[in-house]
There are 2 protein chains.
Amino acid sequence: MTESLDQAPERISEAEHAIMEVLWARHPLAAAEVCEDVCGARGWSMPTVKTLLARLVAKGAVATEPDGRRFLYTPVLEREAYLGGESRRMVERLFGGRPAALFAQLADAEALNNDDIAEIERLLRELRS
Amino acid sequence: MTESLDQAPERISEAEHAIMEVLWARHPLAAAEVCEDVCGARGWSMPTVKTLLARLVAKGAVATEPDGRRFLYTPVLEREAYLGGESRRMVERLFGGRPAALFAQLADAEALNNDDIAEIERLLRELRS
DNA sequence: TTTCGCCGTTTACAGCTGTAGTCAGATCGA
DNA sequence: TCGATCTGACTACAGCTGTAAACGGCGAAA
């Protein structure tokens, strides 16, 4: 397996993830614009957003590009990679790496509605081909 | 129903979860026995296990029963409930509550092997009936 | 009865996380 | 030119987490 010379996984916290979602949806953005998108929903203030952005930059998950006197922020870490990594980590930690066990759990907890089931079936058919 | 032990979900950390897994597998156990099961694998020492057990008791996830001069520990929180809750939380947080998106992600990351797929198909057939 | 060892409890402490205040420098408008 | 702003940087701080040492009581062995 790829022992990745790349960057260490560098965990992203939940608050940081909220910032990433904003940037994944639209970028590059200035700090103030990120705040517009997220401060209301989470009850944060500008300083909070700035701190989180700075931490993300320090972790290499977000890049900056100067724009006059301010910075524009762009995600470096890709959404797919992040979600994939988190999902696998979770399946690993909670279900011993067996995705089927996760599926069984969700089914058991009735967390799957008919649409979910239909879509998962479609995905499986696709995988098979 | 029973009076709310579950009003507040009372998050369980990863280290605490390792302890819970030991107790779910076998209980009741004394602290020393828990350590036997987990100290080697995680490189922990007795004090660490004791701290984690104490925190779990404080959170109401584990109950104690006196056994001579020591305590025996038994899980109160059930494994199914814990896994279900964690799974749903994760699907909520990362995939906007759409389990199918999680599966698409796992499929995309090639985290599903043939056995997983076969088992999920079997579960789907079961659900259908 | 005195001491030793085991057990749970208390205390410790550094790193991460959530949340935010303050500050110094750049810049735009007057 | 000079202050009002805006921006990122630095600082702060409490709570949670991982990890563990120190303490104090109680029963067993001597």
Side-chain angles (χ1 to χ4, degrees), chain A residues 8-23 27-74 82 86 89-90 93-94, chain B residues 8-23 27-74 82 86 89-90 93-94:
Chain A
E10 267 304 12
R11 301 280 305 114
I12 287 185
S13 79
E14 171 158 358
E16 287 160 1
H17 173 221
I19 301 284
M20 290 305 288
E21 285 293 343
V22 173
L23 290 177
H27 61 260
L29 288 186
E33 295 169 310
V34 173
C35 187
E36 269 168 36
D37 271 24
V38 75
C39 284
R42 316 260 309 202
W44 288 344
S45 60
M46 256 305 270
T48 300
V49 169
K50 287 178 180 178
T51 299
L52 293 172
L53 279 170
R55 286 178 185 169
L56 286 167
V57 169
K59 288 179 183 178
V62 164
T64 58
E65 138 198 17
D67 173 54
R69 75 202 117 161
R70 64 189 190 168
F71 280 157
L72 296 184
Y73 298 85
T74 308
Y82 173 73
E86 283 306 290
R89 252 176 36 88
M90 201 276 263
R93 180 161 107 65
L94 295 179
Chain B
E10 270 301 14
R11 302 278 307 113
I12 287 185
S13 79
E14 170 158 359
E16 287 161 1
H17 173 224
I19 300 283
M20 290 304 289
E21 285 294 343
V22 172
L23 290 177
H27 60 261
L29 290 184
E33 296 168 309
V34 173
C35 187
E36 269 167 35
D37 271 23
V38 75
C39 284
R42 314 261 310 204
W44 288 344
S45 60
M46 256 307 266
T48 299
V49 170
K50 287 178 181 177
T51 298
L52 292 172
L53 279 170
R55 286 179 185 168
L56 286 167
V57 170
K59 288 179 184 177
V62 163
T64 57
E65 138 198 17
D67 173 52
R69 72 198 119 169
R70 64 188 190 169
F71 280 157
L72 297 184
Y73 298 86
T74 307
Y82 173 73
E86 282 305 290
R89 249 177 36 89
M90 204 276 266
R93 181 160 104 66
L94 296 179

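Just so we're on the same page: letters track the sequence lines, and every chain starts at 1.
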Legend entry - Smallest separation among heavy atoms of B:Lys59 and B:Ser13, with atom names: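 Nearest heavy atoms, B:Lys59 then B:Ser13: NZ-N, 4.4 Å.
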Legend entry - A:Val49 versus A:Ala31, closest heavy-atom pair with distance: CG1-O, 4.0 Å
Inset, instruction - Give one of base, sugar-phosphate or nothing for A:Ala30, where a contact means two heavy atoms less than 4.0 Å apart. - result: nothing
Inset, instruction - Just call it for B:Ala31: base, sugar-phosphate, or nothing, with non-hydrogen atoms closer than 4.0 Å on any strand. - result: sugar-phosphate
Inset, instruction - Please confirm whether the backbone N or O of B:Trp44 pairs with a side-chain atom of B:Thr48, one donor and one acceptor, at under 3.5 Å? - result: no
Legend entry - Side chain A:Glu21, main chain A:Ala18, donor-acceptor under 3.5 Å: no
Inset, instruction - Please tell me if the side chains of B:Arg55 and B:Lys50 come closer than 4.5 Å, counting only heavy atoms from C-beta onward. - result: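 When only atoms from C-beta onward are counted, B:Lys50 and B:Arg55 do not touch, as no gap falls below 4.5 Å.
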Nearest whole angstrom, please: distance from the [atom2] of [N] to the [atom1] of [X].
X: B:Glu33; N: C:dC6; atom1: CD; atom2: P; answer: 15 Å
X: A:Glu10; N: C:dG15; atom1: CD; atom2: C1'; answer: 13 Å
X: A:Glu65; N: D:dT7; atom1: CD; atom2: P; answer: 16 Å
X: A:Met46; N: D:dC10; atom1: CE; atom2: C1'; answer: 15 Å
X: B:Phe71; N: D:dG25; atom1: CZ; atom2: C1'; answer: 13 Å

Legend entry - Residue list, ring-ring contact (aromatic ring centres under 6.0 Å, His included) with B:Phe71, at least two apart or on another chain: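 Result, ring-ring contact (aromatic ring centres under 6.0 Å, His included) vs B:Phe71: none returned.
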Legend entry - Annotated protein contacts, base or backbone, on nucleotides 17-30 of chain C with a non-hydrogen cut-off under 4.0 Å, one of B, S, - each: SBBBB-----SS--
